[in-house]
Structures are given as structure tokens and as C-alpha cells.
Amino acid sequence: MTVIEKAKKSEETILKIEHLVKRFGDLEVLKDINLEVKRGEVVVIIGASGSGKSTLLRCVNFLEKAQKGRIFINGKRVKQGEKQLNKVRQELGMVFQHFNLFPHMTVIQNVMEGMVQVKKIPHQKARLYASDLLDQVGLQEKADVYPAMLSGGQKQRVAIARALAMEPQIMLFDEPTSALDPELVGEVLSVMTDLAKKGMTMLVVTHEMWFAKEVADRVIFMDEGVILEEASPDVMFSSPKEERTMAFLKQVLPQQA
Amino acid sequence: MHILPWDLTVIPSKFFLFAEAAQYTLQITFFGILVGLIIGLAAALGRLSTQQWLSSICRAYIFLIRGTPLLVQLFIVYYGLTSIVTIAPIPSAIIALGFHNGAYIAEIFRGSIQSIDIGQMEAARSLGMPKAKAMQRIILPQAFKRAVPPLGNQLIIALKDSSLASTIAVPELMLKGRQMGSSSFMYMEMFLIVGIWYLIMTSVLSFVMHRIEQRLKVSDRD
């Protein structure tokens with residue numbers, strides 16, 4: 001059981017990935033991936049670097065085009081094609097390892113950009129909502145500064161607010177704390193934990209085992225392009241079935257095991 | 001009695017007789033660069049397009065312009081096209097300078113667009129922005145900033161290159177120098193005046209570009 005009280009999860013499948021295959025040239029990075037995520041579920045993907053976990057996340061958002069396989073969101077298959085993808089991407093909030101804030105815009109302009117330019121929300125209304133979101137990530141007083149003036153942790157919290165501004169159904173986190181100084185990891189994880197509590201569906205690639213243990217409903221271990229094992233965090237961290245999983249966990253959790 | 005074989009004392013008195021010619025120099029440079037900026041941006045975006053035919057056309061344009069002298073391009077516009085359409089000297093110069101600089105400016109823009117981190121485009125696309133909008137809102141504002149120093153350089157090159165327009169009878173500085181020289185036989189004195197005019201104009205342009213760079217640096221550091 002997770003220690004976090006969470007909003008009730010429905011049994012409704014919000015994201016379904018079927019037989020996903022992704023190659024970079026001759027290299028098969030994802031080999032027949034199948035995954036279902038329920039609404040409100042927090043799924044954490046762990047695995048060594050090069051195991052394909054980031055690629056999987058990027059395929060869900062179509063930043064990478066998979067060679068084979070199908071992706072369903074709310075039961076509807078996502079088809080290729082600009083118009084469709086632009087629509088679907090609004091449902092999927094993406095948070096990147098390197099934040100990718102827009103450096104020529106202030107913090108609040110970053111958060112408003114998607115609302116104003118994509119959702120066509122009037123400027124005034126967008127500003128109010130953006131300000132509210134900045135409040136939620138604890139950065140309202142930074143609204144009018146440029147990203148260059150922020151710490152890594154603050155940048156990532158702005159990036160989360162920017163993604164939330166589109167009111168996505170699923171949030172995708174691609175190693176959101178990997179580029180941060182250790183003392184800044186906590187503030188980002190705490191924002192993510194809040195989100196999980198509010199019932200946001202989350203797909204998180206991370207090396208923060210604490211987060212996986214405490215917040216995840218399900219942990220997925222990826223190895224060489226396949227989902228080798230998936231289980232609740234309790235089971236995954238106490239009694240993994242696969243040898244590769246054990247070896248990996250032993251490395252990332254040295255003091256336990 | 002002069003130590004030098006030239007009478008340099010005429011320089012101050014004749015100097016301002018070149019002012020009108022300098023105006024023509026500035027005029028064809030300014031409009032040439034303006035046309036060049038428009039063509040350059042279009043050609044840069046075209047080259048980066050995923051549409052193969054468009055990319056090929058832009059590549060061919062850049063290849064042809066950069067591979068041939070500006071003088072040849074000037075003559076093609078002014079003399080070569082006469083069988084179809086007669087274009088007056090000044091418009092000819094502006095067209096040739098525009099197309100010539102457009103090719104170089106296209107490469108400047110292409111470089112600065114490609115220098116923007118790929119994560120910027122990905123972040124914009126992940127918000128559901130169409131590619132064109134992401135280019136306009138996110139990539140180009142950052143790319144323009146990076147293009148300012150090389151564009152300043154190109155502007156100075158264009159100003160000096162405009163002297164070639166003297167060969168198609170544009171009454172600019174260089175032509176004025178040749179006319180004044182041959183009527184007075186004081187070639188050295190007249191061409192020194194021409195050189196000083198160019199030097200003053202390029203200095204002012206360098207200074208202005210430097211100021212613009214400084215200002216951009218303050219408003220945003222990335």
C-alpha cells in the first residue's frame with residue numbers, strides 16, 4: 001500500500017499501448033511493448049539507461065514515431081497526421097529532463113503560451129489561470145522573471161505548471177529530476193506527489209526510487225526494450241521475480257537488498 | 001611645394017560634393033538588405049522544410065548565388081534581362097543586391113535556427129502547437145537574436161559591395177569618385193574621399209549593430 005491517500009481510481013483505461021515497436025536504424029529500442037494505464041493511476045517506469053524507458057514515453061507523445069503498434073487514449077486510437085497529433089498532445093502533458101522552458105518569455109508567459117496560442121483562451125483569463133497554477137507549484141512571486149533567473153528546481157516546477165495549463169488527462173514525466181542538483185530534487189518530487197494526490201494520471205520515468213515506492217501504484221521495470229516485470233511497489237522492491245530486476249535494484253538501492 | 005605627388009588639401013573642400021552619392025549608396029544598400037532579409041528568411045525556412053522539392057529549390061538558389069560573382073548577377077539583371085524587361089539602374093542594383101545578400105542571409109538564418117536546442121521545438125509541439133506556429137512563436141524569436149551579429153557583418157559587406165553598382169550607372173559613391181577623378185585628374189584625392197565616406201558609414205553601422213547586440217543581451221540571457 002502506498003502511504004499516500006489518493007483520489008479514487010476508476011477502472012477505466014485511459015491509455016493503452018499495443019505491440020509498440022521502435023527502431024533507430026538497426027537498433028530495436030522498443031520490442032513489442034504492451035501497457036495499460038487506468039485513469040488516476042501513477043505508473044513509474046524504472047530501468048537502466050538505454051533500456052528504452054524514455055523512448056517509450058516519447059512514443060506516447062509522438063515525439064518519436066514508432067514503426068509498429070497502436071496507442072489508444074480514452075479508447076480512441078491515435079492516428080498519425082498533424083491535426084490529430086496536435087489534438088492528442090494537448091491531452092498529454094510532457095515534462096522534460098532539461099525543462100525546455102522558453103528562455104525569451106517570462107515565467108508566466110511560459111505557462112500562458114499553450115493556453116493562448118493553442119487553446120485560444122483569452123489573454124486575461126489565461127493569465128489568471130496561469131497565476132493560479134504558479135501558486136500551486138509555489139512560484140507565484142516569480143511570475144515576471146525570465147527562466148534564466150531560476151534554479152533548476154524552480155524551472156522544473158514552472159515546466160510542470162506549463163504542462164498542466166493545457167489541462168491534460170495524462171502527465172508524462174521524462175526523468176524530471178535527473179538534471180537537478182540533489183538538494184533541488186525534493187521540491188519537484190513534492191509537486192509531483194501533490195499532483196498524484198489530486199488524482200492525476202501519471203507516467204513517470206525516474207531514478208528516484210523513493211518516489212516509486214511512496215507514490216506509484218505500479219512500477220514497471222524495463223530492460224533492453226521490453227517490459228520485464230511489473231508489480232506494485234511493495235512487491236517490486238521487496239521480492240522482484242526477475243534476476244535482472246534484482247540486479248538493477250541492488251545497484252540503485254545499495255543499502256537495502 | 002608638395003612632398004607628395006598629390007594635393008591632399010583638396011580633400012576637405014571636395015568632401016561634401018560626395019554627399020548625394022553617399023545617399024545613393026545608403027539607399028541601394030538599405031533596400032538591398034531589406035529585400036535580402038525577406039528572401040533570406042524565406043529561403044532559410046524553405047531549406048529546412050521537409051518538403052523535398054522546396055528544400056531543393058532553395059538549395060539551388062543558394063548554390064547559384066554564392067557560386068557566382070555579384071558583378072555577374074548585376075549584369076544579368078541590368079543587361080541580361082533587357083530582352084524581356086528594361087529595369088532602371090537603381091532598381092536593378094536593389095534587385096541584384098537583394099538576391100545576392102538573400103543567399104548569404106539564408107545561410108545565417110538557417111544556422112541560427114538550427115542552433116536552437118531541439119528541446120524547444122519538442123516542448124512547443126508537446127503543448128499541441130502546430131509546427132509553423134512553434135517556429136513563429138518559439139524558434140524564430142530566439143534564432144533572430146543569435147542572427148544579429150552575423151547580420152551586422154553582412155550589412156557591412158553589402159554596403160561595400162554596393163560599389164559594384166557603379167558599373168551599371170547608379171550614381172553612387174564609387175561612380176562619383178571615378179567621374180570626379182577623370183574630370184580633375186586627381187584620382188588619388190577623389191578615391192581617398194570615397195574611401196573615407198565608406199569608412200565613416202561602416203563605422204556608424206558597426207557601432208549601431210554593437211549597441212543592438214548589447215541591448216539584446218540585457219533583455220534576455222539564455
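Order of the sequence lines sets the chain letters (A, B, ...), proteins ahead of strands, with each chain counted from 1.
- Considering all non-hydrogen atoms of both residues, A:F96 and B:A123 come closest at CE1-CA, 3.7 Å.
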Give the intermediate values and the outcome of side-chain contact (heavy atoms from CB on, under 4.5 Å) for residues A:V118 and B:K133.
CA-CA 9 Å; A:V118 180; B:K133 178 143 246 167; 5.7 Å; no
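- Residues of residues 58-73 of chain A placed with any heavy atom under 4.5 Å of a heavy atom in chain B are listed by number as A:R58, A:N61, A:L63.
- Using a 4.5 Å cut-off between non-hydrogen atoms, the part of residues 77-89 of chain A that approaches chain B consists of A:E82, A:N86, A:R89.
- The number of heavy atoms from other shown groups lying within 6.0 Å of CZ (B:F207) does not exceed 12.
- The CG atom of B:L127 sits 5.0 Å away from the CZ atom of A:F102 when rounded to the nearest 0.5 Å.
- Residue B:Y198 places its OH atom among more than 12 non-hydrogen atoms of other residues, nucleotides or ligands, all under 6.0 Å distant.
- Crowding of B:Y104 atom OH: a count of heavy atoms from other residues, nucleotides or ligands under 6.0 Å exceeding 12.
- Contact annotation: the side chain of B:D117 never approaches that of A:H98 to less than 4.5 Å [non-hydrogen atoms, C-beta and beyond].
- Below 4.5 Å, heavy atoms of chain A meet no heavy atom from residues 70-96 of chain B.
- With chain A as partner, the option from B:R125, B:M129, B:M121 having the largest number of non-hydrogen pairs under 4.5 angstrom is B:R125.
- Among A:Q90, A:M94, A:Q117, the residue making the largest number of heavy-atom pairs under 4.5 Å with chain B is A:Q117.
- Put simply, the side chain of A:N100 gets close to the backbone of B:G119: a donor and an acceptor are under 3.5 Å apart.
- For A:H104 (side chain) and B:R137 (main-chain N/O), a donor-acceptor pair under 3.5 Å exists by modelled atom type.
- The backbone N or O of A:L101 sits less than 3.5 Å from a side-chain atom of B:Q120, completing a donor-acceptor pair.
- For A:K76, the NZ atom is loosely surrounded, since the number of other residues' heavy atoms within 6.0 Å does not exceed 12.
- Contacts between residues 160-167 of chain A and chain B, counted as heavy-atom pairs separated by less than 4.5 Å, involve A:R162, A:M166.
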